[in-house]
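Computed from a prediction, not measured in an experiment: that's the story for all the values here. For the numbers below, each heavy atom of this structure counts, side chains included, while hydrogens, waters and symmetry mates do not.
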Amino acid sequence: MRLEVRLADTLRTLLERAVRDSAFPGAIAVVGSRTATLATVAAGHLDWGGSVVPDERTLWDLASLTKVIGTTTATMRLVSEGRLDLDAPVQQYLPGWTGPGKERVTIRNLLLHTAGLRAHRPLYTETGDAASAKSLVYSTPLDTIPGARTLYSDLGIILMGDVIETLTGETLDGYLERTVFGPLGMRETMFRPAPELWPRVAPTEIDPWRGRHVRGEVHDENAFRLGGVAPHAGLFSTANDLARFARMYLNGGTLDGARVLDSATIDLFTKAASPTFSTRALGWDTPDGRNSAGTLMSGRAFGHTGFTGTSIWIDPEADVFVLLLTNRVNPTRANSRIIAVRRAVADAAISVVRASSSSSSSNR
């Protein structure tokens, strides 16, 4: 049986079972290599009881995939151009970010989530507009000494977005469109999709704070308070676009003649900085046998998850990417069945690809 058929059959079985188990109303999984998409499989519907089936052009709220698809990739470009120093103090770029100990925090600390910042702060309930929310990010004190621990923090990535905008003189969304999404032909990757696109958007949560079923606007409340364009959340994209993005990384930063990154910067940013201390790479995460990468990816793999039910993993050693897009928070974020599904999809994809590779080798 051809690799593509086996992959599709395996993924379909997993996703359809997950829909029956109420892990999410709908999903699409894509597995591919540097040269092509090997399998694309959708299951379920965009909403419980709805009739629209997900496809390659469904728009998904990427949640924290925004951090890597957008903010980290932008940061990588600035580092490769020599415009941003990973070991420079954040205050060199953001002199208004002051407070005890903050002078010791570097750009590297922000990307590794070792800045000493708290994990989260409900800006959306503590403030009433974007300017006040950003001011609160700046005034939030450090919790610990920089470098003492790894604590995944949206606040640090929000600051990273300001660093990018300060250096480029552009808005984050404008810079990404000009230097990443546009050159890659990612024409349906965007912040704040226009209302006419909302029928193609997978709905997320029935949000008690907003008092409505969220669709077409960012699920993350802090990103919503910041105006919908935020470094930590807010991107919407499609399976087609994200497959192109993953292939660019597997091709050392280029795709179809467009160079977005260089291979040395990709290697730098996607290796765990201190494997005995944390799985975190610069912006990215790496496998540990327990996270959403599953148990079969190589030590060179890197990826990330999004709270809404999204994930991307890229394994250069195996020449494979695994993309899973779901709206598991529909109708409530209390649903955590996605955790097991992510691992199962990653393991299944790698297992089938490996088996096909072994079979091809033995038949030579």
**Report entry** Six-ring centre of F307, R328 cation under 6.0 angstrom, axis tolerance 45°
**Finding:** yes

Query raised in the report: Quick one: do D9 and R12 make a salt bridge, cutoff under 4.0 Å?
Result: yes

Query raised in the report: Taking side chain as C-beta onward, heavy atoms only, is T189 less than 4.5 Å from F245?
Result: no

**Report entry** Test: R244 and D256 ion pair at under 4.0 Å
**Finding:** yes

Requested in this report: Could you tell me the separation between the CD atom of E4 and the OG atom of S356, rounded to the nearest 0.5 Å?
Outcome: 7.5 Å

Query raised in the report: Are any of the side-chain nitrogens in E221 or R225 under 4.0 Å away from the carboxylate oxygens of its partner?
Result: no

Query - Sidechain N-carboxylate O distance under 4.0 Å for R192, E217 - result: no

Report task. Go through the steps for N109 and T114 under the test side chain to side chain donor-acceptor pair (under 3.5 Å), then give the verdict. Result -> CA-CA 5 Å; N109 289 138; T114 59; 2.9 Å; yes

Query raised in the report: Any chance CZ of R187 has more than 12 other-residue heavy atoms, nucleotides or ligands included, within less than 6.0 Å?
Result: no

Requested in this report: Under the side-chain contact (heavy atoms from CB on, under 4.5 Å) rule, what do L184 and V260 come out as? Steps first, then yes or no, please.
Outcome: CA-CA 8 Å; L184 286 177; V260 173; 3.7 Å; yes

Requested in this report: Might you work through the side-chain contact (heavy atoms from CB on, under 4.5 Å) test for W97 and D162, ending with a clear yes or no?
Outcome: CA-CA 11 Å; W97 187 58; D162 277 9; over 6 Å; no

Query raised in the report: Does the side chain of T310 come within less than 4.5 Å of L324's, by heavy atoms?
Result: no

Query - Which residues share a side-chain hydrogen bond (donor to acceptor under 3.5 Å, both in side chains) with T58, sequence neighbours left out - result: D55

Query raised in the report: How about W209 and Y124: are their ring centres within less than 6.0 Å of each other?
Result: yes

Query - Pair V52-H45, side-chain contact (heavy atoms from CB on, under 4.5 Å): steps then yes or no - result: CA-CA 5 Å; V52 180; H45 299 87; 5.9 Å; no

Requested in this report: Flag the pair Y152 / K67 as yes when at least one side-chain heavy-atom distance between them is below 4.5 Å, and no otherwise.
Outcome: yes

Query - Beyond-backbone contact of N327 with T308, side-chain heavy atoms, under 4.5 angstrom - result: no

Report task. In plain terms, say whether R215 and D47 are close enough for a salt bridge, that is, a side-chain N and a carboxylate O under 4.0 Å apart. Result -> no

**Report entry** Electrostatic pair E317-R300, nearest N-O below 4.0 angstrom
**Finding:** no

Requested in this report: Check whether NZ of the Lys or CZ of the Arg R247 lies under 6.0 Å from the centre of the six-membered ring of F321 and within 45 degrees of that ring's axis.
Outcome: no

Report summary line: Across all chains, not counting sequence neighbours, the ring pair (Phe, Tyr, Trp, His ring centres under 6.0 Å) partners of Y175 are none

Query - N-O pairing of D154 and R121 below 4.0 Å - result: no

Requested in this report: Answer yes or no: are there more than 12 heavy-atom neighbours, outside I145 itself, under 6.0 Å from its atom CD1?
Outcome: no

Query - Working for ring pair (Phe, Tyr, Trp, His ring centres under 6.0 Å), residues F24 and W48 - result: CA-CA 9 Å; F24 37 70; W48 295 110; 8.2 Å; no

Query raised in the report: If every non-hydrogen atom of S80 is compared with every non-hydrogen atom of T265, which pair is closest and at what distance?
Result: CB-OG1, 3.3 Å

Report task. Would you check if P203 and L46 make a side-chain contact, meaning some heavy-atom pair closer than 4.5 Å? Result -> yes

Query raised in the report: Should H232 and D220 be marked as a side chain to side chain donor-acceptor pair (under 3.5 Å) after you check the CA-CA gap, both sets of side-chain angles, and the distance that decides it?
Result: CA-CA 9 Å; H232 70 290; D220 183 276; 2.9 Å; yes

Query raised in the report: Hey, mind stepping through W60 and F236 against ring pair (Phe, Tyr, Trp, His ring centres under 6.0 Å) and telling me if it holds?
Result: CA-CA 5 Å; W60 304 87; F236 289 75; over 10 Å; no

Query raised in the report: Given L172 and T71, is the side-chain contact (heavy atoms from CB on, under 4.5 Å) satisfied, shown in steps?
Result: CA-CA 8 Å; L172 178 64; T71 305; 4.1 Å; yes

Report task. Anything under 30° is parallel, anything over 60° is perpendicular, the rest tilted; go ahead and classify F302 against Y249. Result -> tilted

